[in-house]
S.K.: 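Mind looking over this structure? Questions follow.
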Amino acid sequence: GEKKVISTRELHSAYKEGKNVIQLLNSGNTHEYNQANKLKYIEKAYDLQAGSYVKAMKDPNHALLKRKKCAEMAEIVGNFISSPKSFLKAGVGEAVTLVPFLDSYKSDIESVYGFDISWSRISHARKFLDENSFNNVQLCTGTLQQIPFMDDSFDLIMTSHACEPNGGFEKIILSELKRVSSNIVALFEPGFEFANKKSQERMIKHGYVKGLPEIAISLGFKILYHAPLKTTVRPENPTAALILQVPNVRKNNQTHDYACPITKKKLLKYDTGYFSNESYLYYPSINNMPTLREENGILASHISEELLKD
């Protein structure tokens with residue numbers, strides 16, 4: 001049948017009225033259609049609510065609970081990797097988890113990167129990081145399904161409720177995390193297996209990820225730790241810690257170069273963005289933050305070599 005098109009402006013009004021944007025986009029379509037369009041839905045939902053997470057941190061009670069949760073996360077991660085040289089926050093959002101996590105983590109990490117599906121959210125993240133004196137964190141757009149970095153780039157990769165809305169994509173996401181990590185992948189995601197019946201039903205209704213431990217094992221990951229977090233910010237959506245180690249721990253590639261999300265090969269840096277000399281796609285930067293999702297790429301096979309940065 002005819003697909004009803006809802007403009008982003010209409011969605012924005014619905015969001016302001018407290019409606020669930022993803023459910024609104026899902027309604028009236030087949031499951032197959034919705035799965036095929038899931039990333040578009042997720043981007044819209046998160047882009048529209050950009051800024052709300054940073055705003056929530058101005059509430060001292062919420063901020064205190066958030067810091068407590070991140071301190072617990074930092075302690076768990078620290079038990080399995082004590083001094084990573086490089087760290088990727090996959091699905092960085094507005095950095096409201098990254099900042100308190102770095103504050104609590106037991107060692108300074110020299111190279112910290114983050115990506116998110118939504119450019120509006122990383123622009124809020126940039127501001128929040130700068131306000132908290134984390135000026136050297138590199139941010140870009142990207143998706144968990146096509147992580148815009150080269151193989152073995154990071155000693156430590158962490159997610160926090162970023163895999164969450166991606167039910168049905170568990171295997172591809174875990175495969176990508178495995179590709180880009182050289183050692184530890186720390187997932188703090190909805191703990192379906194630890195949740196009560198009501199929470200499980202809620203997770204199913206919202207299309208959340210599940211079965212992460214089993215899928216991780218099937219991909220060759222080693223499970224180092226799996227348990228619910230003691231601190232919950234939202235009781236109806238309990239978080240579980242799942243600490244994974246890649247099958248063959250190796251040194252990371254030290255350079256942390258951005259990669260074309262399609263070819264996974266290194267991108268060439270230009271004045272205003274990055275170019276792939278394999279896919280011939282040009283990925284523009286906005287405010288020094290590269291947009292590295294497949295749909296951000298502009299076919300530009302004849303881009304001039306003179307613009308190339310050394």
S.K.: Check the angle between the aromatic planes of Tyr270 and Phe275 and answer parallel, tilted or perpendicular using the 30° and 60° thresholds.
M.R.: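 Tyr270 and Phe275: perpendicular rings.
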S.K.: Return yes if some donor-acceptor pair links the side-chain N/O of Lys265 with the main-chain N/O of Glu278 below 3.5 Å, else return no.
M.R.: no
S.K.: What distance separates Ile157 CD1 from Phe149 CZ, expressed to the nearest 0.5 Å?
M.R.: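 Answer for the CD1-CZ pair, Ile157 versus Phe149, is 9.0 Å.
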S.K.: Considering non-hydrogen atoms only, spot the tightest contact between Leu244 and Phe221 and give its length.
M.R.: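 Residues Leu244 and Phe221, closest heavy atoms: CB-CD2, 3.6 Å.
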S.K.: Ser182: which residues meet the side-chain contact (heavy atoms from CB on, under 4.5 Å) condition with it, sequence neighbours left out?
M.R.: Asp152, Asp155, Arg250, Asn252
S.K.: Just how far is it from atom CG of Leu48 to atom CD of Glu43, taken to the nearest 0.5 Å?
M.R.: 9.5 Å
S.K.: Got more than 12 heavy atoms from elsewhere within 6.0 Å of CZ, Phe194?
M.R.: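 More than 12 heavy atoms, drawn from other residues, nucleotides or ligands, come within 6.0 Å of this atom.
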S.K.: Using only atom types and a distance under 3.5 Å, with no angle test, would you say the side chain of Asn287 pairs donor to acceptor with the backbone of Met289?
M.R.: no
S.K.: Which residues pass the salt bridge (Lys or Arg N to Asp or Glu O under 4.0 Å) test with Asp257, sequence neighbours left out?
M.R.: Lys266
S.K.: Whether Lys68 and Glu72 form a salt bridge (side-chain N of Lys/Arg under 4.0 Å from carboxylate O of Asp/Glu) is what I want to check.
M.R.: no
S.K.: Checking Glu110 side chain against Lys85 main chain: does a donor-acceptor pair fall under 3.5 Å?
M.R.: no
S.K.: I need the minimum non-hydrogen distance between Val96 and Lys66, along with the two atoms involved.
M.R.: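 Minimum heavy-atom separation between Val96 and Lys66: O-CE, 3.5 Å.
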S.K.: Could you give the distance from CZ (Phe115) to CD1 (Ile147), rounded to the nearest 0.5 Å?
M.R.: 4.5 Å
S.K.: Are Arg67 and Ser104 close enough, and set up right, to give a side chain to side chain contact (heavy atoms under 4.5 Å, CB included), and what steps lead you there?
M.R.: CA-CA 8 Å; Arg67 278 198 286 274; Ser104 298; over 6 Å; no
S.K.: Considering residues at least two apart in sequence or located in another chain, which fulfil the side-chain contact (heavy atoms from CB on, under 4.5 Å) criterion with Leu64?
M.R.: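 Residues passing side-chain contact (heavy atoms from CB on, under 4.5 Å) with Leu64: none at all.
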S.K.: Do Phe128 and Met158 land in one hydrophobic cluster if side-chain heavy atoms of ILVMFWY residues count as linked below 4.5 Å?
M.R.: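 Yes, same cluster.
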S.K.: Could you tell me whether the side chains of Tyr41 and Asn26 share a donor-acceptor contact shorter than 3.5 Å?
M.R.: no
S.K.: Do Asn288 and Ser285 have a side chain donor and acceptor closer than 3.5 Å?
M.R.: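 Absent: no donor and acceptor within the cut-off.
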S.K.: In chain order, what residues pass the side-chain hydrogen bond (donor to acceptor under 3.5 Å, both in side chains) check against Thr272, with sequence neighbours excluded?
M.R.: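 With neighbours one apart ignored, the set is Tyr282.
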S.K.: Ring centroids only, cut at 6.0 angstrom: are Tyr113 and Phe87 within range, meaning strictly under it?
M.R.: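 No, the ring centres sit 6.0 Å or more apart.
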S.K.: Does the side chain to side chain contact (heavy atoms under 4.5 Å, CB included) test come out yes or no for Lys89 and Val112, once each step is laid out?
M.R.: CA-CA 8 Å; Lys89 179 71 167 61; Val112 181; 5.9 Å; no
S.K.: Ala259: which residues meet the side-chain contact (heavy atoms from CB on, under 4.5 Å) condition with it, sequence neighbours left out?
M.R.: Met150
S.K.: Between Ser7 (side chain only) and Glu10 (backbone N and O only), is there a donor and an acceptor less than 3.5 Å apart?
M.R.: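 Checked: pair present.
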S.K.: If you compare all heavy atoms of Leu219 against all heavy atoms of Pro247, which two are closest, and at what distance to 0.1 Å?
M.R.: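 In this case the closest contact between Leu219 and Pro247 is O-CG, 4.2 Å.
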S.K.: Under the criterion side chain to side chain contact (heavy atoms under 4.5 Å, CB included), I'd like the reasoning laid out for His161 against Thr97: C-alpha separation, chi angles, the key distance, then a yes or no.
M.R.: CA-CA 10 Å; His161 293 266; Thr97 299; over 6 Å; no
S.K.: Give, for atom CD of Gln245 and atom CG of Asn183, the distance between the pair rounded to the nearest 0.5 Å.
M.R.: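 Here the interatomic distance stands at 5.0 Å.
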S.K.: Which atoms form the tightest heavy-atom contact between Pro284 and Thr291, and what is the distance?
M.R.: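 Looks like O-OG1, 2.6 Å.
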S.K.: What residues, two or more places apart in sequence or in another chain, satisfy side-chain contact (heavy atoms from CB on, under 4.5 Å) together with Ala56?
M.R.: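 With neighbours one apart ignored, the set is His62.
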S.K.: Could you give all pairs that pass the side-chain hydrogen bond (donor to acceptor under 3.5 Å, both in side chains) test and reach residues 122-143, with sequence neighbours left out?
M.R.: Thr141-Asn296
S.K.: Got a donor-acceptor contact below 3.5 angstrom from the Ser276 side chain to the Leu281 backbone?
M.R.: no
S.K.: Is it true that Phe154 and His256 have ring centroids separated by less than 6.0 Å?
M.R.: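 Ring centroids of Phe154 and His256 are less than 6.0 Å from each other.
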S.K.: Among residues at least two apart in sequence or on other chains, which ones pass ring pair (Phe, Tyr, Trp, His ring centres under 6.0 Å) with Phe188?
M.R.: none
S.K.: Look up atom CD1 in Ile22 and atom OG in Ser27, then write down how far apart they are to the nearest 0.5 Å.
M.R.: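 Answer for the CD1-OG pair, Ile22 versus Ser27, is 12.5 Å.
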S.K.: Report, one line per pair, each donor and acceptor closer than 3.5 Å where one atom sits in a side chain of residues 206-218; sequence neighbours left out.
M.R.:
| residue | atom | partner | partner atom | Å |
| --- | --- | --- | --- | --- |
| Tyr208 | OH | Glu164 | OE2 | 3.2 |
| Ser218 | OG | Ile215 | O | 2.7 |

S.K.: Residues two or more places apart in sequence or in another chain: which of them pass side-chain hydrogen bond (donor to acceptor under 3.5 Å, both in side chains) with Asn166?
M.R.: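 Gln145.
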S.K.: Could you go through Leu129 and Leu139, starting from their C-alpha distance and side-chain angles, then the distance that decides it, and tell me whether this counts as side chain to side chain contact (heavy atoms under 4.5 Å, CB included)?
M.R.: CA-CA 10 Å; Leu129 285 158; Leu139 299 172; 3.9 Å; yes
S.K.: Give the minimum heavy-atom separation between Ile76 and Ala241, together with the two atoms involved.
M.R.: CD1-CB, 4.1 Å
S.K.: Are Leu98 and Tyr53 co-members of a hydrophobic cluster defined by side-chain heavy atoms under 4.5 Å apart?
M.R.: yes
S.K.: Between NE2 of His302 and OH of Tyr280, what distance do you get to the nearest 0.5 Å?
M.R.: 8.0 Å
S.K.: Thr159 and Glu189: which non-hydrogen atoms are nearest, and at how many Å?
M.R.: OG1-OE2, 2.7 Å
S.K.: Among all residues two or more places apart in sequence or in another chain, which pass the side-chain hydrogen bond (donor to acceptor under 3.5 Å, both in side chains) test with His226?
M.R.: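 Checked His226 against side-chain hydrogen bond (donor to acceptor under 3.5 Å, both in side chains); matches are Glu193.
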S.K.: So, Arg121 and Glu94, do they make that salt bridge, N to O below 4.0 Å?
M.R.: yes
S.K.: Are Tyr258 and Ile298 linked, directly or through other ILVMFWY residues, by side chains that come within less than 4.5 angstrom of each other?
M.R.: no
S.K.: Report yes or no: does Glu170 contribute a side-chain atom to a donor-acceptor pair with the main-chain N or O of Gly168 at less than 3.5 Å?
M.R.: yes
S.K.: Is there a side-chain contact between Cys260 and Ser279 (heavy atoms, below 4.5 Å)?
M.R.: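 With C-beta onward as the side chain, the pair touches.
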S.K.: For Lys264, which residues count as a salt bridge (Lys or Arg N to Asp or Glu O under 4.0 Å) partner, sequence neighbours excluded?
M.R.: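 Once residues adjacent in sequence are excluded, the partners of Lys264 under the salt bridge (Lys or Arg N to Asp or Glu O under 4.0 Å) criterion are Glu176.
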S.K.: Do the non-hydrogen side-chain atoms of Leu39 and Glu295 ever get within less than 4.5 Å of each other?
M.R.: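 Leu39 does not reach Glu295 side chain to side chain.
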S.K.: Take atom NZ of Lys55 as the centre, draw a 6.0 Å sphere, and report whether it contains more than 12 heavy atoms from other residues, nucleotides or ligands.
M.R.: no
S.K.: Would you say the side chain of Ile117 lies within less than 4.5 Å of the side chain of Arg293, judging by non-hydrogen atoms?
M.R.: yes
